[in-house]
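Below is one structure, written out as structure tokens, with a few remarks after it.
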Amino acid sequence: MKKKITRREFLQQASVATAGVIVGTSLLNHKSYGRILGANDRIRLAYAGVNSRGSMLIESFSSVKDIDILHVCDPEKVALDKGMKMAAAKGFSPKATEDFRTVLDPAKIDALVVAAPDHWHTAAGVLAARAGVNVYVEKPVSHNAAEGEYLIAAMNSHKVVVGVGSQRRSVPYFQQCIQMLQQGAIGDIYLAKGWYVNNRPASTFQKGAAIPEGLNWDLWQGPAPRVPYIGGVVHYDWHWTWRWGSAEAANNGPHEMDLMLWATGAPFPGKVTALGGKYQYQDSWECPDTVQMIWETPGLMIVWEGRSRNGARIENSPRGTWYYGTKGSAQLQDGFFNIYDPKGKLINAIKADGRNAGDDGTNTASPGKYMDNLHAQNFCDAVRGKAGLTVTPVEGHKAALYLHTGNIAQRTGRTLNLDPANGHILGDKEAQALFGRTYEKGWEPKV
Ligand SMILES: NC(=O)c1ccc[n+]([C@@H]2O[C@H](COP(=O)([O-])OP(=O)(O)OC[C@H]3O[C@@H](n4cnc5c(N)ncnc54)[C@H](O)[C@@H]3O)[C@@H](O)[C@H]2O)c1
């Protein structure tokens, strides 16, 4: 009788295991239609969004040889000044620019680095791709489950490199551990579990507040339908609104979800269920502060726990992953990788590269500079055509889609059936209405 091929065996045989059905597998080493970079040419960068993560990305890209930062863009003056200061500290003299769209021209720049809020990620990525400019998009690649497909289509149509901010992919330690899991260190994995915990304070948003001087509120809102200014959202706390953010799930979840999908080679989910709520404070947050999400694909269950307002660690860590397989189990965290036999006895312990020392999984600007620097290097190598991307937008989209559909299951309070070919929701009109978003007129993504 012919032996049934396992997911792991399939993974080992497939050259690009997670490419999915939306696009083909020709994602690596895209050559931009823009300037052809020679081995010694400097990569000219512009930044969109430089408050917290963006300023950190100025620092990490400055560790790459032969880059130049020509434009620092942000519609908010305070953040713009911060980004300019960081660029100057790293030896660059960029132009302070309010609107990144004015510099999207391959004659001016080779790549745009996007660390604006989530509602801008796909929109900025698509605009850059259409202009023929390579783009690095922070995670999640999308504000909602539908958007990632636009980003992938834009990348394929316009032949630009699209990097994704899942920095663990570029770290040799994670590459080694994941490879061990893919090669059967614990047999076939049937359960993967990830988590993120933090102790975030209550937030108060001020409806009807005056727009602060130095903020272009219209540009900040970009693709999102216009509303009068709301005080308290512009830095970071937009994460907790559905209009601009996508909750803790798509904020911190993409890192561990990406590891779990990478290790298991899971396809799009076939089913998702989630429970949760805003239990700790009754404040301005629209999204839950505590959730449990579960997805199912053939032979595999994936679980993610998010606890935003109770810092009690799990396994002594604010974030991490566990894997359970037919021949044992394994725990993979930013600092260590432990493998256990079926009885739970530790049989192999691998420590992360010492250069990860000092990493902090709850740092909101960067959980680890060493990881960021390696990832910036990989993106620049890909732009030069010297290396493939360690993580593709297809993988970034899939990780985001898992979490966005988890959010939809929590919001509707229902188990959702999904099309395993692409993660689309089947037969539930209310849930389907939350799969994409309404755009400000004229801002609908055009690939
Ligand atoms: N990979 C990681 O480890 C990591 C870590 C932190 C944050 N992030 C991601 O980075 C993004 C930014 O996070 P943050 O904490 O810096 O948020 P933030 O709110 O502090 O900063 C976002 C900045 O983007 C600016 N902005 C808004 N519209 C813009 C536009 N049209 N053009 C240019 N800039 C615009 C805002 O004015 C603000 O200064 C988020 O999507 C987050 O998920 C990733």
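Just follow the structure's listing: the first ligand is 1, and inside any ligand the first atom is 1. Sequence positions, counted from 1, serve as the residue numbers for this chain. Predicted model, so just to flag it, every value in this text is computed and none were measured.
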Could you tell me which non-hydrogen atom of V394 sits nearest to which non-hydrogen atom of I152, and how far apart they are?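 For V394 versus I152, the nearest heavy atoms are CA-CD1, 3.8 Å.
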Distance-minimising heavy-atom pair for R319 and D334: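 Between these two residues, the closest heavy atoms are CD-OD2, 4.0 Å.
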If the plane angle is over 60° it's perpendicular, under 30° parallel, otherwise tilted; pick one for H239 and Y236.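 Answer is perpendicular, since the angle exceeds 60°.
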Parallel, tilted or perpendicular, as decided by the 30° and 60° cut-offs, for the rings of W295 and Y402: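 Correct class here is tilted.
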Neighbour count above 12 (heavy atom, 6.0 Å) for I211 CD1: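 Yes, the 6.0 Å shell around CD1 holds more than 12 heavy atoms from other groups.
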Answer yes or no: does atom CD of Q282 have more than 12 heavy-atom neighbours from other residues, nucleotides or ligands under 6.0 Å?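 Yes, CD of Q282 has more than 12 neighbouring heavy atoms, counting only those of other groups under 6.0 Å.
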Residue shell around ligand 1, heavy atom under 4.0 angstrom: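 Within 4.0 Å of ligand 1, the protein residues are A48, G49, N51, S52, R53, C73, D74, P75, E76, A79, F100, A115, A116, P117, D118, W120, H121, E138, K139, G165, Q167, L219, W220, V234, H235, Y236, W238, H239, N251, H255, T364, A365, P367.
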